[in-house]
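Following: one structure in structure tokens, then a few remarks.
Sequence lines set the chain letters: A, B, ... in the order given, protein chains first and strands last, and positions in each chain run from 1.
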Amino acid sequence: MKDTRLIMSAEKSILQIESYQPQAIEKKWQKQWEESGQYRTDTSDTSRRKYYALSMFPYPSGRLHMGHVRNYTITDVIARLRKMQGYNVLHPMGWDSFGLPAENAAIQNNIPPAQWTYSNIAYMTDQLKALGLMYDWDRQVYTCRRDYYQWTQWMFLYLYNRGLAYKKEAPVNWCEECATVLANEQVIDGECWRHGTPVMKKNLNQWFFRITDYAERLLENLEQLKGWPDKVTLMQKNWINKSVGAELVFTAESGEKIPVFTTRPDTVFGVTAMVLAPEHPLVDQLTAPEKKAEVEAYREAARNKSEIERTTTEREKTGVALGTFCLNPFNNEKVPVWIADYALVEYGTGAVMMVPAHDERDFAFAKKFDLPVIRVIERRGAVGVPLKEAYTEPGVMVNSGDFTGLDSEDAKEKMTRFAEENGFGKRRIQYRLRDWLISRQRYWGAPIPVIYCDKCGEVPVPEDQLPVELPEDVDFSVKGRSPLESSPTFVKAPCPKCGTEGRRETDTMDTFVCSSWYYLRFIDPQNTEKPFEPGLVKYWMPVDQYVGGVEHAILHLMYSRFFMMALHDGDWTDHDEPFANLLTQGMVLKDGAKMSKSKGNVVDPDDILAEYGADTARFFILSDSPPQADFDWKDTAVEGCFKFLLRVWRTIVEHKDAIRFDLPLPIYDTLAGPERELYQLTNKTIHGVTKDIESEFQFNTVISKIREFVNFLGKYEPGREPNAVFSHAVVNLLKLLAPITPHLSEELWQRLGGEGSVHEQPWPEFDSNALTSDVIEVVVQVNGKVRDKLQVAPDLPNAEVEQLARQSEKAQAHMDGKQVVKVITVPNKLVNFVVK
RNA sequence: GGGCGAGUGGCGGAAUGGUAGACGCGCUGGUCUUAGGAGCCAGUGGAGCAAUCCGUGGAGGUUCGAGUCCUCUCUCGCCCACCA
């Protein structure tokens, strides 16, 4: 392969010095770091300022992909930097190791899910270690291990005892491929997030977490998450989707109350029908006998439609009149009751007051079924213009009884109050966010710790009986119900209350439950008494920097926020937000497309490590794009990075004799010529690199600054004697590179005779006197166009710079015969002559 | 349909309202070499011999000065979407 030849030839060419052999030095240092324990964190040391750096932990799918490499490298560089800056750094890694793929692999290969999972973890652990990541391996967590899921079950009980976990029968999303139910968040465009297959609605008795209790707080707190990308907070805001309005109660002729939720109580005089969701509980009672067959057929059809069919906006409206009527409480008008599948049983009250004049959907429905359109709001200044489409803007009220003439925005408030006073309505806030469906009819997850007893009903397993262990005598291949039902040892269990024989809950928890609190367990992973020690969590939380893919913007990040709030409310934590700063890294692309097996454009991290080593991989993946943007993988650019590291190596090893650690620091004022320039560049680089990392981790510009620095160093002739300025430059270069290329830096640090580990060194400081050059280029503009450039001393008084500029022949050529009306001088930047 | 973000060389991308294209990839020429796909040196937005002119999706505007700010517009990407 050409890459291997490149390395061989490169090595040959520098054979006369000593060659850079990444594979050898990387292995050596990884072993050394592990043995020295220098990356372990003492979480009980709460005396220093702390920094908690966290990557979203991986699912052990088999092997790492480049997205992982990018994610973990970014976090690792941040963690290493903070450590050098003197923080007490926590940087852990673990495994989100429950989940469906393990079960599928078990069925296919006839091996237990645990075996498949642990062998993947072993392989991926080796890969992570080969990348030289600064993890405290002693605090790994595995969500599939009983010492972890015991506490996931504890979390369930905690929520259950606070009334935040409950079971109910509801129409839920069912994926045939997964053979289980899914949370709303796991349904994308009516399709399963994993399989892309249509999701069906089924009425099932399922467990939910009452995340809607926290809807308002989840929304309000977004304001304080200044360290999150706007994009993510916005997505969460849209997902929660708060609507302020009113619940108004219509009354059927037969007496049944039909509440509706509306954001437009001001349009209630325009109601010309009542539309119920097909699944609405009142449908049977409100259907006229002669309509029974037709209505039942419609409901049956709706049931068999997939989510995708039901929710496309382009579809024509369908519906059936029930043949009965209800009364509008505001004017006692009789309006017909219909069912239509554009009304959703899960939202609001499952019933909609139909106002065709002022709602686009209702307008389409009325047109289709020839229902009357009554206009109750007119545009100000354009009264009497005929309606061609729904008018959804505010305006002036018409045809609205006592409310006629009001501004429609005022009317919302007044009409809601009127409804409240008269007992047929109230103000109501509605969120789109639904409760989180957490039960799964699958094996490889944390069992829900509940026992059903004929006498006592639903009984939570007492805390001291946790964990409810996952049995091994299970037939994984059963579909449609939990495989746990097939375990002879699992199902039967004594009722914790009365001791008679009961049945265990056989559903397991959504793996997102496991990952909603893992960041807390990292702080205290070996605790056998509690999920974590609140005192430690108080010090370590929140996570200072969380890094991961934007695909978790809603699912994981909102569930974790919910957990944190719930734990906070029970005094388990001081904070109610888990992640202070969030960085969503972009995707790794190849040839402009997402890496995928089907496209055949996957780059395997193992190959890159074998060919170039971890430092090149780390350096490259940070180099070309800012971390938030997508990153285009380019093989030639990887080579370029390797060549650069070779050059760093050569530049330093070649001049080994000139580098000493015990030389006195250069004194800026005494320096002249190239030495002075080198010293300036060293300080500028330290300053620039530090600044770029601090401001949103712009590693791509960090790397370009380091390249400029090295380019200069390569041309510099330090001589054979110890050289203080050159030594200062090289020592600082190694420190700046340490977080990015930890092995190379460590190796050179040691070879040069540096004490201890480069990673234990303080982050370099810069000499602020030496940040400016001795000569500055000032631009001479005429009417804003660059005409000449001057070399002047920095901070030369404006008047003198202007004098010099006036003498510029090139500038004068453009000012000839014209009058200078204004001169603008920007110190150390430019002089602009405005001429007429 | 609604919301958000982005459009800069052949490519990835730099630019507190102040020299557009840093840094790199690629390419061109030279050098060293048995050889070069390594190293080193030089060049590289477009047009032009040159002076110079034109250039950040498009059209306007603000400003001494606009890739950057404002208005409109086009294209692409992402998110949400029959949520009442």
Side-chain angles (χ1 to χ4, degrees), chain A residues 2-3 5-14 188-189 229-232 234-239 241-243 245 260-264 267 275 277 310-315 317 340-344 346-355 358-362 364-365 430-434 550 553-554 589 592 620 623-626 628-641 643-644 646-647 650 698 700-708 711 714-715 777-789 813 821-826 828-835:
Chain A
K2 87 176 174 193
D3 301 316
R5 277 205 305 275
L6 161 72
I7 292 168
M8 284 167 55
S9 57
E11 282 171 359
K12 203 167 95 189
S13 73
I14 55 167
I188 318 274
D189 293 333
D230 292 345
K231 185 186 170 166
V232 174
L234 193 76
M235 278 167 68
Q236 293 210 354
K237 193 179 165 202
N238 288 341
W239 186 260
N241 194 25
K242 178 179 180 177
S243 296
V260 297
F261 172 71
T262 180
T263 54
R264 296 297 304 273
T267 64
V275 178
R310 277 195 60 166
T311 56
T312 47
T313 39
E314 275 96 69
R315 218 179 98 233
K317 294 277 179 288
D341 62 6
Y342 82 92
L344 308 172
E346 319 94 279
Y347 188 75
T349 62
V352 186
M353 62 181 214
M354 199 202 63
V355 186
H358 305 293
D359 181 279
E360 284 169 28
R361 294 152 302 180
D362 296 347
F365 191 78
Q430 176 70 39
Y431 303 90
R432 197 191 69 147
L433 181 70
R434 310 287 155 82
V550 73
I554 293 170
L589 309 175
F620 172 56
S623 67
D624 263 13
S625 305
Q628 299 83 353
D630 286 350
F631 179 91
D632 205 5
W633 185 275
K634 231 173 157 183
D635 290 333
T636 52
V638 189
E639 283 180 24
C641 290
K643 288 184 208 165
F644 174 77
L646 269 178
R647 202 141 50 85
R650 204 180 327 115
Q698 298 305 302
N700 53 331
T701 55
V702 165
I703 281 176
S704 74
K705 287 182 169 93
I706 289 177
R707 279 181 183 273
E708 283 176 279
N711 289 347
K715 287 175 191 152
E777 199 176 65
V778 168
V779 173
V780 183
Q781 296 183 341
V782 179
N783 286 344
K785 292 209 171 202
V786 180
R787 297 304 178 187
D788 202 1
K789 292 168 186 178
V821 293
K822 199 173 178 185
V823 182
I824 286 151
T825 311
V826 181
N828 294 335
K829 275 265 161 65
L830 62 84
V831 179
N832 186 16
F833 296 105
V834 185
V835 299

- How many Å lie between CG on A:Asp630 and C1' on B:rG12, as a whole number? 12 Å

- Message: Under 3.5 Å, is there any donor-acceptor pair linking the side chain of A:Asn832 to the base of B:rC64?
- Response: yes

- Task: Classify the side chain of A:Glu777 and the base of B:rU19 as holding, or not holding, a donor-acceptor pair under 3.5 Å.
- Result: yes

State whether [X] places a side-chain N or O below 4.0 Å from either non-bridging phosphate oxygen (OP1 or OP2) of [N].
X        : N      : result
A:Arg434 : B:rC83 : no
A:Lys822 : B:rC64 : yes
A:Lys785 : B:rC54 : yes

- Note on the structure: Note: A:Arg264 and A:Met353 closest approach over all heavy atoms is O-CE, 3.5 Å

Taking the same atom, [atom1], in [N] and in [M], what whole-Å distance lies between them?
N      : M      : atom1 : value
B:rC78 : B:rG60 : P     : 32 Å
B:rG65 : B:rA51 : P     : 26 Å
B:rG17 : B:rU63 : C1'   : 9 Å
B:rG30 : B:rG36 : C1'   : 15 Å
B:rG29 : B:rA47 : C1'   : 22 Å
B:rC64 : B:rA81 : P     : 49 Å
B:rC69 : B:rU16 : P     : 12 Å
B:rC32 : B:rG24 : C1'   : 25 Å

- Message: Need the glycosidic conformation of B:rG9: syn if within 90° of 0, anti if not. Which one?
- Response: syn

Strictly by Watson-Crick or wobble contacts shorter than 3.5 Å, is anything paired with [N], and which nucleotide is it?
N      : answer
B:rU19 : none
B:rU28 : B:rA42
B:rC76 : B:rG5
B:rA66 : none

Where the side chain of [X] is concerned, which of [options] is the nearest nucleotide?
X        : options                : answer
A:Arg432 : B:rC80, B:rA84, B:rU19 : B:rC80
A:Gln781 : B:rU19, B:rC79, B:rG39 : B:rU19
A:Arg650 : B:rU16, B:rC83, B:rG39 : B:rG39
A:Tyr342 : B:rC82, B:rC83, B:rC53 : B:rC82
A:Trp239 : B:rC83, B:rC80, B:rG39 : B:rC80
A:Lys829 : B:rG18, B:rC82, B:rG13 : B:rG18

Which is true for [X] with a 4.0 Å heavy-atom rule: it touches a base, it touches only sugar-phosphate, or it touches nothing?
X        : result
A:Val786 : sugar-phosphate
A:Leu234 : sugar-phosphate
A:Ser243 : sugar-phosphate

Min side-chain heavy-atom separation [X]-[Y] under 4.5 Å:
X        : Y        : answer
A:Val821 : A:Phe833 : no
A:Ile706 : A:Phe644 : yes
A:Asn241 : A:Leu433 : no

Could you tell me whether a side-chain N or O of [X] sits under 3.5 Å from a main-chain N or O of [Y], the two making a donor and an acceptor?
X        : Y        : value
A:Gln781 : A:Leu830 : no
A:Ser625 : A:Asp630 : yes
A:Asp362 : A:Met354 : no

Could you pull out the protein-nucleic contacts involving nucleotides 22-27 of chain B (nitrogen or oxygen on both sides, under 3.5 Å)?
residue: B:rG24; atom: OP1; partner: A:Asn711; partner atom: ND2; Å: 3.0
residue: B:rC25; atom: O2'; partner: A:Thr636; partner atom: OG1; Å: 2.8

- Parallel under 30°, tilted from 30 to 60°, perpendicular over 60°: which one fits the rings of A:Phe620 and A:Trp633? perpendicular

- Message: Nearest 0.5 Å, please: how far is CZ in A:Arg432 from CG in A:Asn238?
- Response: 8.0 Å

